[in-house]
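Structure first, then comments.
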Amino acid sequence: MDRPSLLVIAHGSRDPRHAATVQALVRRAGALRPGLRVETAFLDFNLPSVTGVLDRLAADGVREVVALPLLLTRAFHAKADVPAVLRQAPASLRVRQAEVLGPSPLLIAAVERRLYEAGLTPADKSTTGVVLASAGSTDPEAIAAIAETARELRRTGWCSVRPAFASASLPRTEDAVQALRTEPDVRRVAAAPYVIAPGRLPDRIAAGAAGADVLADVLGPSPELAALLLERYDGAVRAEELVAAVAG
């Protein structure tokens, strides 16, 4: 039996860097799994649309699809927007929604990769405070997930890690930078954007990090993130196979 196709669903942005980064990430994930059909779609602003890709898959004879929200937390988009658009899939398609990307040790590794690429080394960890700066959300589950990710990053050896948000939640990136400056063991402050692709909110994070000593890049098409896409795909496939085995 053919494996289900993978449909990666990103939010979309008016910023052209967003779609370009998402496409690069998805291409990298596809290269890790030759033979797997991998498609990209966007909820808003960019093409192709989710419904457009689903229609095309059905027209090509695809019967099963794993839809993966390209989201770091389970907030409104994962709970409402994605399920709503998937309900518009052609009747011939069996679509299952995979889990969002976070939390995951691979995300911690991707954040650290970007910090090292920005000039830090493992030897700097014990004297460096990190602002883990995300887009922000009003969803308590999403806020709790960011806080837990900050704690997990701290457990890898960084002197201190504080979560921050570009919108909807507090503290802001600039406030977290200043708070780290007051901690006696922190000799330098680094800002790590906990976002996948460039855009308006990542630019706001960068502006808020002006007082930091180091600003890392967005997670982008990192090898860890590409591997995580396939990990979430495999998890959705295994869950479906388990359900089928129990039912059989």
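At least one donor-acceptor pair closer than 3.5 Å links the side chain of Asp124 to the backbone N or O of Thr121. His18 contributes no side-chain N or O that, together with a main-chain N or O of Ala197, makes up a donor-acceptor pair within less than 3.5 Å. One N or O on the side chain of Ser167 and one on the backbone of Ala135 form a donor-acceptor pair closer than 3.5 Å. For Thr182 (side chain) and Ala179 (main-chain N/O), a donor-acceptor pair under 3.5 Å exists by modelled atom type. Panel note: side chain Lys125, backbone Thr156; a donor-acceptor pair is recorded below 3.5 Å. In this structure a side-chain-to-backbone donor-acceptor pair under 3.5 Å is missing from Arg200 to Arg204. Looking at Arg28, its side chain does come within 3.5 Å of a backbone N or O of Pro221 through a donor-acceptor pair.
Summarising the local packing, CZ of Arg56 is surrounded by more than 12 heavy atoms from other residues, nucleotides or ligands at distances under 6.0 Å. More than 12 heavy-atom neighbours from other residues, nucleotides or ligands sit within 6.0 angstrom of CZ on Arg181. Enclosure of atom CD in Glu152 by more than 12 non-hydrogen atoms of other residues, nucleotides or ligands within 6.0 angstrom is indicated.
When hydrophobic residues (I, L, V, M, F, W, Y) are linked wherever their side-chain heavy atoms come within less than 4.5 Å, the members clustered with Leu180 are Val131, Val177, Val186, Val189.
Shortest non-hydrogen contact noted between Glu39 and Val26 is O-CG1, 4.4 Å. Nearest approach of Ala216 to Ala192, heavy atoms of both residues: CB-CA, 4.2 Å. The two residues Leu93 and Leu57 make their nearest non-hydrogen contact at CD1-CB, 4.5 Å. Summarising the geometry of Ser13 relative to Asn46, their closest heavy-atom pair is N-OD1, 2.8 Å, with the distance given to 0.1 Å. Closest heavy-atom contact between Ala206 and Leu215: CB-CD2, 3.8 Å. For Ala209 against Ala191, the heavy-atom pair with the smallest separation is CB-CB, 3.5 Å.
Salt bridge annotation for Glu183-Arg162: present, with a cationic side-chain nitrogen under 4.0 angstrom from a carboxylate oxygen. Salt bridge annotation for Arg232-Glu99: absent, with no cationic side-chain nitrogen under 4.0 angstrom from a carboxylate oxygen.
In this structure, CD on Gln178 lies 15.5 Å from CZ on Arg172, to the nearest 0.5 angstrom. Distance check, rounded to the nearest 0.5 Å: CG of Leu6 to CZ of Arg33 gives 9.0 Å. Note that CZ of Arg37 and CG of Leu7 are 10.0 Å apart. Values are rounded to the nearest 0.5 Å. We find the OG-CG distance between Ser160 and Asp185 to be 9.0 Å, quoted to the nearest 0.5 Å. The structure places CG of Leu36 at 4.5 Å from OH of Tyr233, a figure rounded to the nearest 0.5 Å. Atom CG of Leu107 is separated from atom CG of Leu153 by 11.0 Å, given to the nearest 0.5 angstrom.
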- prompt: Going through the distances and angles, do Phe76 and Asp81 end up as a side-chain contact (heavy atoms from CB on, under 4.5 Å)?
  reply: CA-CA 7 Å; Phe76 183 80; Asp81 289 344; 3.2 Å; yes
message: Please evaluate residues Asp139 and Lys79 with respect to the criterion salt bridge (Lys or Arg N to Asp or Glu O under 4.0 Å), reporting the C-alpha separation (whole Å), side-chain torsions for both, the decisive distance (0.1 Å), and the verdict.
response: CA-CA 10 Å; Asp139 189 302; Lys79 295 177 180 178; 2.9 Å; yes
field: Audit row: Leu225, Leu106, side-chain contact (heavy atoms from CB on, under 4.5 Å) steps and yes/no
entry: CA-CA 7 Å; Leu225 208 55; Leu106 286 169; over 6 Å; no
message: Using side-chain hydrogen bond (donor to acceptor under 3.5 Å, both in side chains), reason through Thr73 and Glu141 one step at a time and then give a plain yes or no.
response: CA-CA 8 Å; Thr73 61; Glu141 182 181 353; over 6 Å; no
- prompt: Under the side-chain contact (heavy atoms from CB on, under 4.5 Å) criterion, do Leu115 and Val111 qualify, and how do the steps go?
  reply: CA-CA 6 Å; Leu115 286 166; Val111 169; 4.1 Å; yes
task: Just do the side-chain contact (heavy atoms from CB on, under 4.5 Å) check on Leu86 and Gln97 with the steps written out, would you?
output: CA-CA 8 Å; Leu86 292 181; Gln97 182 175 330; 3.8 Å; yes
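No chain of hydrophobic side-chain contacts below 4.5 Å, direct or via other Ile, Leu, Val, Met, Phe, Trp or Tyr residues, connects Leu230 to Val65. Linking ILVMFWY residues whenever their side-chain heavy atoms come closer than 4.5 Å, directly or via other members, leaves Leu72 and Val100 in distinct clusters. Under the 4.5 Å side-chain heavy-atom criterion for grouping Ile, Leu, Val, Met, Phe, Trp and Tyr, Val161 is not connected to Val218 through any hydrophobic cluster. Note on Ile9 and Val95: same hydrophobic cluster, where clusters join Ile, Leu, Val, Met, Phe, Trp and Tyr whose side-chain heavy atoms are under 4.5 Å apart, directly or indirectly. Val82 and Ile196 are not part of a single hydrophobic cluster, where members link through side-chain heavy atoms under 4.5 Å apart.
Considering only heavy atoms from C-beta on, Leu201 stays 4.5 Å or farther from Val195 through its side chain. Taking 4.5 Å as the limit, every side-chain heavy atom of Asp217 sits out of range of all side-chain heavy atoms of Glu117. In this structure the side chain of Pro122 reaches within 4.5 angstrom of the side chain of Tyr116, judged on heavy atoms. Looking only at side-chain heavy atoms (C-beta outward), Thr128 and Cys159 stay at 4.5 Å or farther from each other. Looking at heavy atoms from C-beta onward, Ser169 lies out of side-chain contact with Thr138 at the 4.5 angstrom threshold. With a 4.5 Å cut-off on side-chain heavy atoms, Phe165 and Ile143 count as touching. In this structure the side chain of Ser104 reaches within 4.5 angstrom of the side chain of Leu228, judged on heavy atoms. Taking the side chain as every heavy atom from C-beta outward, Asp203 and Pro198 never approach each other to under 4.5 Å.
Judged by distance alone, the side chains of Thr127 and Arg188 do bring a donor and an acceptor atom under 3.5 Å apart. Judged purely by distance below 3.5 Å, without hydrogens or angles, the side chains of Ser5 and Glu64 never pair a donor atom with an acceptor atom. In this structure, a donor-acceptor pair under 3.5 Å is absent between the side chains of Arg113 and Ser222.
Looking at Val53, Leu70, Val22 one by one, the single match for side-chain contact (heavy atoms from CB on, under 4.5 Å) with Phe42 turns out to be Val22.
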